Amino acid sequence: MKLSLHTLPEVPLEAEVISPDHLSGLTESEVAALPVYHGNRKVDLGNFFSVSGHLENDHVEIEGDLANIKLIGSGTTRGRISISGNVGTHLGAGMSGGEIVVEGDAGDWIGREMSGGRVIVNGNAGHMVGCAVRGSAMGMLGGEIIIHGNARNEVGNGMRRGLIAIGGDTEEFTGVNMLAGTIMVLGKLGMRPGAGMKRGTVVSMKNAELLPTFTYDCTYRPNFLRYYFLYLRKLGLAISEDSINGSYQRWCGDSIELNKGEILLFVE
């Protein structure tokens, strides 16, 4: 099934109905009649998208400038969503299975509180990748988020399980309040990474300015990183042999919490 944006929304359009779970078994006219919210007005999906074909193999294709479309793939449990163009906030929120692939940039809150599945963004991402909603201590519970470009503040805030890989740089508070899980940054970490983390691993290929509540432990070659890197290379990230075979400084923290988290910095 293919959805093509024909009318740009004037305000954010909440379209959580766009997922294989909601579209399964529906005709083109039934899909076009699905409810979405344009601001505070309830309208039909067909007011903004043209619909063609039927859902086959649980695969949904979407094209157009979706930067003002929210909640695509929210709660997805299966199938695949392919997006050609930029996409808005809360992509894949709470998803537990399936795959979302974006050929463009994505907005804030990608994969918030997701528990399974995979989100791949071939461009840049906004703030709060794989995070908890405000007021919650528990963010991403599982699954994978792969960003080929850069990401902004608070990647993995409250992360509990899963993998987040950033092909470029991140901004402030990467891994803030992490409970567990792995964040891999192939570029540079922004300021204050790992603040308040209890457990988990943050990896960066560049040196970083760490908080004074992190202490140097050792320099070594962690075997588990090799398997992560080989896996990420299969997913299309540019992983050098130096990264796979190199040494890393291990810093422990955050000492204001359990002091059982770690930040691994590549030694050039």
Side-chain angles (χ1 to χ4, degrees), residues 16 19 71 73-78 89-100 106-121 125-147 151-167 170-186 189-190 192-204 208 210-211 213-214 217 222 224-225 227-229 231-232 235 237 250-264:
E16 61 265 44
S19 79
L71 293 164
S74 176
T76 294
T77 66
R78 67 182 192 271
T89 59
H90 298 277
L91 175 72
M95 68 184 293
S96 59
E99 182 178 67
I100 301 175
D108 302 338
W109 300 98
I110 296 170
R112 63 162 172 83
E113 299 184 334
M114 68 185 288
S115 59
R118 179 191 296 152
V119 178
I120 298 176
V121 176
H127 302 285
M128 313 299 292
V129 173
C131 287
V133 296
R134 295 305 190 195
S136 173
M138 193 176 298
M140 183 177 174
L141 299 171
E144 303 168 0
I145 301 177
I146 313 297
I147 310 296
R152 304 202 66 186
N153 295 333
E154 297 189 43
V155 171
N157 183 342
M159 184 179 182
R160 193 176 186 92
R161 295 183 189 89
L163 170 66
I164 299 176
I166 310 296
T170 60
E171 295 184 10
E172 295 190 35
F173 288 109
T174 300
V176 61
N177 298 325
M178 274 183 79
L179 300 173
T182 303
I183 300 175
M184 308 188 73
V185 180
L186 302 186
L189 288 172
R192 294 177 281 274
M197 73 185 300
K198 293 179 173 63
R199 296 183 180 86
T201 301
V202 177
V203 184
S204 178
L210 304 184
L211 291 167
T213 48
F214 281 79
D217 178 32
F224 78 95
L225 281 187
Y227 296 102
Y228 269 117
F229 283 137
Y231 176 69
L232 292 174
L235 294 179
L237 287 180
R250 182 176 189 265
W251 293 78
C252 299
D254 189 335
S255 62
I256 63 172
E257 295 290 345
L258 295 179
N259 205 36
K260 293 185 177 180
E262 63 179 6
I263 296 178
L264 303 178

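No experiment lies behind these values; they were computed from the predicted model shown.
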Would you compute the distance between atom [atom1] of [X] and atom [atom2] of [Y] and round it to the nearest 0.5 angstrom?
X      : Y      : atom1 : atom2 : answer
Leu179 : Arg199 : CG    : CZ    : 8.5 Å
Met159 : Met140 : CE    : CE    : 4.5 Å
Met184 : Ile164 : CE    : CD1   : 12.0 Å
Ile146 : Ile100 : CD1   : CD1   : 13.5 Å
Met114 : Thr76  : CE    : OG1   : 9.5 Å
Ile263 : Met178 : CD1   : CE    : 9.5 Å

Q) Taking it one step at a time, do Phe229 and Leu186 satisfy side chain to side chain contact (heavy atoms under 4.5 Å, CB included)? A) CA-CA 10 Å; Phe229 283 137; Leu186 302 186; 4.0 Å; yes
In the structure I gave you, are the side-chain heavy atoms of [X] and [Y] within less than 4.5 Å of one another anywhere?
X      : Y      : result
Glu113 : Val133 : yes
Phe214 : Met197 : yes
Arg112 : His90  : yes
Ile147 : Ile110 : yes
Glu262 : Asp217 : no
Leu163 : Tyr228 : yes

Q | Donor-acceptor under 3.5 Å (Asn153 side chain, Glu172 main chain) | A | yes
(Q) I'd like to know if the side chain of Asp108 reaches the main chain of His127, judged simply by a donor and an acceptor atom lying under 3.5 Å from each other, with no hydrogens or angles considered. (A) yes
For [X] against [Y], the heavy-atom pair lying closest together:
X      : Y      : result
Val202 : Gly175 : CG2-CA, 4.5 Å
Pro193 : Leu211 : O-CD1, 4.4 Å
Gly111 : Ile145 : CA-CD1, 4.1 Å
Ser115 : Ser96  : OG-CB, 3.4 Å
Ala132 : Trp109 : O-CZ3, 3.0 Å
Leu71  : Ala93  : CD2-CB, 4.3 Å

(Q) Per the salt bridge (charged side-chain N to carboxylate O under 4.0 Å, His left out) rule, what does the pair list look like for residues 125-137, sequence neighbours excluded? (A) Arg134-Glu154
(Q) Test side chain to side chain contact (heavy atoms under 4.5 Å, CB included) on Val176 and Arg192; report intermediate values, then the result. (A) CA-CA 8 Å; Val176 61; Arg192 294 177 281 274; over 6 Å; no
Q | Trace of the side chain to side chain contact (heavy atoms under 4.5 Å, CB included) decision for Arg118 with Leu235 | A | CA-CA 11 Å; Arg118 179 191 296 152; Leu235 294 179; 4.0 Å; yes
Q) Do we see a donor-acceptor contact under 3.5 Å between the side chains of Asp254 and Thr213? A) yes
